[in-house]
Number of protein chains: 2
Amino acid sequence: MLKRQITLKDIAKELDVSISTVSKALKNSDEISRDTKEKVQAFAKLYNYKPNNIAISLKNKRTKNIGVIVPDIVHYFFTTVVRGIENFANEKGYNVIVCLSNESFDKEVINMEMLANGSIDGFIMSLSAGTEKNNDFNHLREVTDQGIPLVLFDRVTNEIECDKVVIDDTLGAYLATKKLLEEGRKKIALLTTEDFFSVSRNRNLGYKKALEDFGMELNPDHVLKLPYMDIDEERISSFLKRVSPDGVLSANEIFGIYGMRVLQKLGFEVPKDVSVIGFTDGLLAKHANPPVTAVAQHGEKMGELAAKMLIERVENDYDVPNYQTKILEPTLIERDSTNN
Amino acid sequence: MLKRQITLKDIAKELDVSISTVSKALKNSDEISRDTKEKVQAFAKLYNYKPNNIAISLKNKRTKNIGVIVPDIVHYFFTTVVRGIENFANEKGYNVIVCLSNESFDKEVINMEMLANGSIDGFIMSLSAGTEKNNDFNHLREVTDQGIPLVLFDRVTNEIECDKVVIDDTLGAYLATKKLLEEGRKKIALLTTEDFFSVSRNRNLGYKKALEDFGMELNPDHVLKLPYMDIDEERISSFLKRVSPDGVLSANEIFGIYGMRVLQKLGFEVPKDVSVIGFTDGLLAKHANPPVTAVAQHGEKMGELAAKMLIERVENDYDVPNYQTKILEPTLIERDSTNN
DNA sequence: TTGTAGGCGTTATCAG
DNA sequence: CTGATAACGCCTACAA
């Protein structure tokens, strides 16, 4: 069934020359006579010769593969980051191996180990919820100790020294909260996740800071911290019912969208009675009714940057690491869920 | 910088035994004495020996990698298929290399060639818009001619003989249209894409069939066929304004969501004045206001099935191909954008 | 201008 | 029980 791909050896035998002659001829080396080169190249094209990547990888100790491990691929943000990585990497001749940790520590570890045995030249990843919760980064350390380049994005940790790309989450939340405050909102609810998520921690901080800058103090009763990014319908709706906010900031796309619908069902008009802003400028925000003002995280750019940083590491064997953390600026995209 | 991973050779030298002894010892071969095995295994663990996958791939002519080429990763459906593939493949010890064709014929070809040189054991893919439009499948044929297993899903073609997984798009559209008709809707608009998309062709067919079964005939004025899956705000809104439908069927998630908002802005109430049903039971449909009744395509299952079929081919070298086309049943998920 | 030989890391066969 | 050898497909320094 599997018609074996033709190899240098096959060509050599067929044309009655040596393997190295064939190899050189195909590379247009000028060690080889025009005659021989033409003969070999013609034959190779005729039989559709393609060098075997695996053999080349073994020889070069370079696979031209990048391993990407992300918590999931359903949420818009990760999706766009993956797209950014893909774009840049393909441009540079790299393939992208995508693995989903599914927010699970165990699966993240398994995936890393699966890829760390020579399958890839480097990793780009965002920590799973499980990993952030466990606060266990040994699998990352093993990888970096082996000298495999690693770039963390979005959900990062100080425990590991490596290149990183994040957005300024604190600033993003600050800008959003400020916007609500400037609209005159007094009771701003925060829908977020627990502080063990590095991004949530920072977003929660930005929220607090903005309140303080406007002479208000954070009321814990106005904050709902859920353990995961999944919607807990019960808790979100009872929270909003209780708080009855005139402004909502959501630390992710999905809580905000869901929260807005809950409020609408309770009779609130958006943005007349309550303004809503959410993190992630995704399809949900864009197509909600009304469209939701959002903090754009520039995922695609983030992915490109991460890929760029990684490939740079892979291709240049610096002996002084000099790790960088790039911080992108979030942008507030104003839509109809807030006043303007 | 890059601390070379330890190899069999290193262990052999260090322990003063032969490479093959080490290899066997690590495999717990009973050709080797208990003593030697223990010594070798201890040493290997201590120095964190991991067999080099690339070398193994070269030897076995099996990479344990699956190449997945999809048009994009932003739309919910493809996202879920990729997740299904990932799940099943990882379970079986395979990595998934994801490439995005970005709906472009050229990029699809480039990606295939990139992977077809030994990097993967088989392909799972869904045709790009460009490919369906060009009607050019030579890159697929080259791959299958080489004996590389290929599974097509969703956007497939009869031109290529290989395993396929699809849903019954005609039935899906039929069920949706029937639902609208049974509600008493008389003027059902169809938002769809051009017929060169295999899926659209079938969905358009199902729409027509349902109308006919209810004694109505298709009115071309009630159908808007756009060239791509991107929202053309201008055309969609002027179309809906003109038609002023009491029912809308959308052949994808995004047109339906957008169309519903257009109608709402025009003063239509959903579902009082107009019912809306869209293909793809995704986040947009689920979180729209009101939530949209949708044709579920069971992407995750589709992905798992595709992966299963592919891995079966990869691992068993059938000499009679006996290609299969699996057809999944779509499900109508009823929500508040239709009456019940 | 062409060919030989060795190596990338692993495994399998066969000899000792 | 252990080891030498060849092979997977390619590349390259060196020899002829």
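Computed from heavy atoms alone, side chains included, the values below leave out hydrogens, waters and symmetry copies. Lettering follows sequence order; numbering is per chain, from 1.
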Report yes if a side-chain nitrogen or oxygen of [X] is closer than 4.0 Å to either non-bridging phosphate oxygen (OP1 or OP2) of [N]; otherwise report no.
X	N	answer
A:Thr36	C:dT1	no
B:Lys9	C:dC8	yes
B:Ser18	D:dT2	no

Whole Å only: how far is the [atom1] atom of [X] from the [atom2] atom of [N]?
X	N	atom1	atom2	result
B:Ile6	C:dC8	CD1	P	15 Å
B:Ile32	C:dT11	CD1	P	13 Å
A:Ile19	C:dG6	CD1	P	14 Å
A:Asn117	C:dT10	CG	P	10 Å

Can you find a side-chain donor-acceptor pair between [X] and [Y] that sits under 3.5 Å?
X	Y	answer
A:His139	A:Glu113	no
A:Thr131	A:Glu108	yes
B:Glu132	B:Ser198	yes

Which residues within residues 44-62 of chain A lie with some heavy atom under 4.0 Å of an atom in DNA chain C?
-> A:Leu58, A:Lys59, A:Lys61
Can you sort out which residues in residues 22-31 of chain B have a heavy atom within less than 4.0 Å of DNA chain C? Ascending by number, please.
-> B:Ser23, B:Lys24, B:Lys27
With a 4.0 Å cut-off on N to O distance, would you call [X] and [Y] a salt bridge?
X	Y	result
A:Arg34	A:Glu38	yes
A:Asp163	A:Arg313	yes
A:Glu103	A:Arg155	yes

Got a sec, which residues hit salt bridge (charged side-chain N to carboxylate O under 4.0 Å, His left out) with B:Asp10, two or more places apart in sequence or on another chain?
-> B:Arg4
Has the side chain of B:Ser20 got a donor or acceptor that lies under 3.5 Å from a partner of the other kind on the base of D:dA4?
-> yes
Is there a donor on the side chain of B:Thr7 or the base of C:dG9 sitting less than 3.5 Å from an acceptor on the other?
-> no
Flag if over 12 foreign heavy atoms under 6.0 Å of CG, B:Asn158 = no
A:Asn138, A:Leu140, A:Leu127 screened by side-chain contact (heavy atoms from CB on, under 4.5 Å) with A:Ile160, the one that passes | A:Leu140
Between D:dT2, C:dG3, C:dT10, which nucleotide has the shortest distance from any of its atoms to the side chain of B:Leu8?
-> C:dT10
